[in-house]
S.K.: 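Submitted below is the structure of interest, expressed as structure tokens.
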Amino acid sequence: MSALARDLAPLVLAGVLGPAGAGKLFGRGTARQAPRTALARLLRDGGRAALFLRVLGAVELLLAAALLAPPTTPLPGAGAALLGAGFLGYLGYARTAAPGSSCGCTARQEAPLTWRAFARAAAVLAGGAAAALARQPWWTAAARHPAAAACLVLAAAVALTALSADPERRWRMPLRRLRLRIAGHPLAATATATATATAAATAVAPATTQAAMPPDAAGAPPPVPLTAAGARTAVPVAATVELLERSRAWQSVSRVVRSALMDHWDDGGWRILQFAGVYGGGTAARPVLVLFAVDAAASLDTVREPAVRVSVIDADSGAPVMATA
């Protein structure tokens with residue numbers, strides 16, 4: 001069985017590197033995702049990071065094609081093993097220097113790197129070493145043991161899919177949406193109660209509290225949330241993030257953001273969302289914190305364009321870098 005796994009390693013590894021390389025080289029999201037990766041911080045420029053990802057995608061495609069060819073030389077397997085070792089080194093840097101950034105490994109995911117990224121890199125390293133030791137073409141090994149080969153390839157595909165996919169986005173979210181369609185939205189029963197509580201709070205204290213966010217460059221005060229200070233909201237944080245990411249305010253500063261949501265809290269009717277980012281380019285690039293203040297009671301069911309306040313502050317000194325309404 002071990003000999004069969006060794007001989008089938010080129011096929012499995014090509015199935016990993018091929019789609020990943022095609023996504024980096026030809027994917028439309030590469031240029032958009034590159035500035036949010038740890039690679040952008042390493043190269044100090046999002047454009048250079050996007051170019052590097054394109055080149056890396058081409059290398060992965062070439063290795064995938066070489067691995068599918070007859071094993072006349074161990075070089076393709078050795079090259080894949082070196083690539084896996086390089087991935088592990090880069091991920092170690094990313095975890096230390098930019099823990100909230102995406103790794104850019106597949107050019108499709110923007111979530112911060114997790115243990116899955118390290119497991120994928122280790123799998124590429126191990127697969128490359130096994131492919132370098134293959135003694136016969138993978139199709140010959142599969143023809144001699146078709147049932148065992150099919151089971152091995154299927155098991156490898158399932159394991160690699162689990163490592164390559166974000167379970168929250170690929171599996172759990174679709175299941176939750178299906179549950180909502182069947183059982184109904186859990187907030188539907190509380191909508192009337194929330195509206196009544198908000199109206200009562202407004203009647204007692206009609207003056208609402210503004211979020212503790214700095215005014216913009218023109219001196220205009222921040223917008224006032226629809227939720228009165230002290231009124232509680234049942235809107236989940238994930239719904240607020242989804243609303244934010246569809247807003248014009250997010251689009252105006254998304255080039256600065258380099259991480260997923262790092263922290264959040266409610267204050268005076270506002271929900272404050274904190275992200276990590278990089279401001280500027282080249283030698284002037286510096287780490288920053290990006291703060292969004294969104295109406296805590298707003299969601300896609302209530303508004304299309306929420307009132308959002310954005311502030312960008314230096315991560316080291318805490319000094320304001322930019323603020324926009």
Side-chain angles (χ1 to χ4, degrees), residues 1-30 52-91 103-109 111 113-172 174-175:
M1 183 65 70
S2 60
L4 179 61
R6 177 197 62 201
D7 293 333
L8 291 177
L11 173 64
V12 175
L13 193 55
V16 174
L17 296 179
K24 293 185 183 75
L25 183 59
F26 304 111
R28 296 181 179 179
T30 300
F52 185 89
L53 287 176
R54 302 282 189 194
V55 174
L56 179 60
V59 172
E60 289 176 336
L61 282 177
L62 290 175
L63 282 175
L67 288 167
L68 293 176
T72 58
T73 174
L75 289 180
L82 288 175
L83 188 65
F87 285 158
L88 285 173
Y90 163 69
L91 291 173
C103 66
C105 303
T106 63
R108 295 186 181 93
Q109 301 177 21
L113 63 92
T114 63
W115 64 268
R116 289 182 180 84
F118 288 91
R120 286 195 303 267
V124 172
L125 174 58
L133 299 175
R135 297 181 179 178
Q136 60 181 335
W138 57 268
W139 55 86
T140 301
R144 290 178 178 177
H145 308 281
C151 291
L152 278 175
V153 172
L154 181 60
V158 171
L160 291 171
T161 299
L163 291 176
S164 300
D166 180 5
E168 183 70 24
R169 181 171 59 91
R170 295 290 181 87
W171 302 335
R172 295 173 187 167
L175 289 176

S.K.: Considering non-hydrogen atoms only, spot the tightest contact between Gly128 and Ala80 and give its length.
M.R.: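 For Gly128 versus Ala80, the nearest heavy atoms are CA-CB, 4.0 Å.
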S.K.: May I have all residue pairs that pass salt bridge (charged side-chain N to carboxylate O under 4.0 Å, His left out) and include part of residues 54-78, sequence neighbours excluded?
M.R.: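 For residues 54-78, and leaving out neighbouring residues, the salt bridge (charged side-chain N to carboxylate O under 4.0 Å, His left out) pairs sorted by first residue read Lys24-Glu60.
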S.K.: Any chance you could measure Leu13, atom CG, to Leu8, atom CG, to the nearest 0.5 Å?
M.R.: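 Interatomic distance, Leu13 CG to Leu8 CG, rounded to 0.5 Å: 12.5 Å.
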S.K.: Sorted by first residue and then second, give each salt bridge (charged side-chain N to carboxylate O under 4.0 Å, His left out) pair with at least one member in residues 132-148; sequence neighbours left out.
M.R.: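 Listed by first then second residue: nothing to list.
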S.K.: Could you give the distance from CG (Leu68) to CH2 (Trp139), rounded to the nearest 0.5 Å?
M.R.: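 Here the rounded value is 8.5 Å.
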S.K.: Quick check: closest heavy atoms across Ala129 and Ala81, and the distance to 0.1 Å?
M.R.: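 Scanning both residues, the minimum pair turns out to be N-CB, 3.9 Å.
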S.K.: Step through the shown structure and confirm whether more than 12 heavy atoms of other residues, nucleotides or ligands are within 6.0 Å of CZ on Phe87.
M.R.: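 Counting neighbours around CZ of Phe87, more than 12 heavy atoms of other residues, nucleotides or ligands fall under 6.0 Å, so yes.
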S.K.: Check Leu91 against Ala121 and note the closest heavy-atom contact, atom names and distance.
M.R.: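 Looking at all heavy atoms of both residues, the shortest contact is CD1-CB, 3.9 Å.
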S.K.: Looking at side-chain heavy atoms only, is the closest gap between Leu152 and Val12 below 4.5 Å?
M.R.: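 No, side chains not in contact.
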S.K.: Indicate the atoms forming the closest heavy-atom contact of Ala134 with Asp7, along with that distance.
M.R.: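 Nearest heavy atoms, Ala134 then Asp7: CA-OD1, 3.7 Å.
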S.K.: Provide the closest heavy-atom pair for Ala132 versus Ala78 in the form atom of the first, atom of the second, distance.
M.R.: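 Smallest interatomic distance, heavy atoms only, reads CB-N, 3.9 Å.
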S.K.: Which heavy atom of Phe26 sits nearest a heavy atom of Leu61, and at what distance?
M.R.: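 Taking every non-hydrogen atom into account, CE1-CD1, 3.8 Å.
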S.K.: To the nearest 0.5 Å, what is the distance between CG on Leu88 and CZ on Arg120?
M.R.: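 Taking CG in Leu88 and CZ in Arg120, the distance rounds to 11.5 Å.
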